[in-house]
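Single-structure report; data block below.
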Amino acid sequence: MPELPEVETTRRGLAPAVEHRVIRRAVVRHRGLRLPVPRGLEQRLAGTRVTSLSRRGKYLLFACTCGNDKTGTLIVHLGMSGRLWLVDAATPAEKHDHFDLEFDNGSVVRLRDPRRFGLVVWQAGDPFRHALLAAIGPEPLTPAFDGEVLHRETRNRSAPIKLILMNSHVVAGVGNIYANEALFQAGIDPRTAARRLSRARCDALATAIKKTLGLAIDAGGSTLRDYVGSDGRAGYFQNQFLVYGRAGEPCTSCGTTIRELRLAQRATCYCPRCQRR
DNA sequence: CCGACAACCTGTGAGC
DNA sequence: TGCTCACAGGTTGTCG
């Protein structure tokens, strides 16, 4: 399911329902996620108040106060197949519903994740001390990320630029779909050795990343297979894909047939005419 | 440090 | 209908 736009859509949907609310109880049905759900997490969360719901890359951060001025953060990642949505407390949990946060008003934030590549962990105090967040790259939609940063980060790298975009230590939150889309927008062949990109092309690419992610967020994210947002509504950015999943179809810009190849075992779609090395 | 690749896990659709 | 295979929105660890 989720790249940055889907996670941000989830955050926006959940925030009004959870911010300033007290967690009545937490339920863990399966601890075997990418990292084990910590023992005792349920006890730690019961009675704590969520002060804010924010996002860093693809991580959702539930900031909590536990009384006695203690603070901590529930860190949630959705992996490949995770969804986090609001249900009524009476809704029965299904097979892959691994985690619930039940609030004092009876609403429940439920994590469903068939592949279990997601994770739920706790970090006391400053959440950015957690190793998962400490080494993460700049947020793509902020001024901390721009063509200059991208240019600097790519100088010593011969790997294809698409792989660099998907490296969360270089820039946070860009996954396979939006890497494909942004490279098309910028007119760059995804196989181009990163170090060969000029400063001007890095500028264009950074701009394309911001634009693509922004448009996708505006559209409520992308719905592939059965993904729906936290409110049960589907996103619709998938209808605006220009290259992803369009192999064999004509380029929207020049009509050339879109091609697909594999880069690091990931589907890579591009227009051989519009995108150059 | 970099890059290639396997691994984690389940579901789905295509092809036979 | 049922089997096998490839593949799916992510990230990390290992090895050369």
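Naming convention: chains lettered A, B, ... in sequence-line order (proteins, then strands); numbering from 1 in each chain.
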Hey, is the side chain of A:Ser158 poking within less than 4.0 Å of OP1 or OP2 on B:dG3, counting only N and O atoms?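 For A:Ser158, the contact criterion (side-chain N or O under 4.0 Å from OP1 or OP2 of B:dG3) is met.
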Is the phosphate of C:dG10, meaning OP1 or OP2, less than 4.0 Å from a side-chain N or O of A:Lys58?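 Checking C:dG10 against A:Lys58, a side-chain N or O does come within under 4.0 Å of OP1 or OP2.
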Is a salt bridge present between A:Arg31 and A:Glu42, judged by a nitrogen-to-oxygen distance below 4.0 Å?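 Looking at A:Arg31 and A:Glu42, the cut-off is met.
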Just how far, in rounded Å, is [atom2] of [N] from [atom1] of [X]?
| X | N | atom1 | atom2 | value |
| --- | --- | --- | --- | --- |
| A:Leu60 | C:dG10 | CG | C1' | 14 Å |
| A:Ile177 | C:dG10 | CD1 | P | 7 Å |
| A:Asn167 | B:dC1 | CG | P | 13 Å |
| A:Met166 | C:dT11 | CE | P | 8 Å |

Using modelled atom types only, decide if a donor and an acceptor are shared between the side chain of A:Arg155 and the backbone of A:Arg195 within a distance under 3.5 Å.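 Yes, because the side chain of A:Arg155 sits within donor-acceptor range (under 3.5 Å) of the backbone of A:Arg195.
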When the aromatic ring centroids of A:Phe237 and A:Tyr178 are compared, is their separation below 6.0 Å?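 Yes, the ring of A:Phe237 comes within the 6.0 Å limit of the ring of A:Tyr178, centre to centre.
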NA contact type, A:Arg195, heavy-atom cut-off 4.0 Å: base, sugar-phosphate, or nothing?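 Touches nothing.
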For a quick check of understanding: with a heavy-atom distance under 4.0 Å over all strands, which category does A:Arg266 fall into, base, sugar-phosphate or nothing?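 Here A:Arg266 touches the bases of the nucleic acid.
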Let me know, please, whether A:Leu132 or A:Arg262 comes out on the 5' side of the other along DNA chain C by nearest nucleotide.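 The 5'-side residue here is A:Arg262.
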With a cut-off of 3.5 Å and sequence neighbours excluded, list every side-chain donor-acceptor pair involving residues 267-275 of chain A.
from, atom 1, to, atom 2, distance (Å)
A:Thr268, OG1, A:Lys162, NZ, 2.9
A:Thr268, OG1, A:Arg266, O, 3.0
A:Tyr270, OH, A:Arg191, NH2, 3.4
A:Gln275, OE1, A:Cys271, N, 2.8
A:Gln275, NE2, A:Leu183, O, 3.4
A:Gln275, NE2, A:Ile188, O, 2.8

Heavy-atom protein contacts under 4.0 Å, nucleotides 4-10 of chain B, coded B base, S sugar-phosphate only, - none: --B-BBB
Distance between the C1' atoms of B:dG3 and C:dG9, in whole angstroms?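 It works out to 23 Å between them.
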What stems involve DNA chain C, if each pair must be Watson-Crick or G-U and both of its distances must be under 3.5 Å, with 3 or more such pairs in a row?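 The stems that DNA chain C takes part in, listed by first number, are B:2-8 with C:10-16, B:10-16 with C:2-8.
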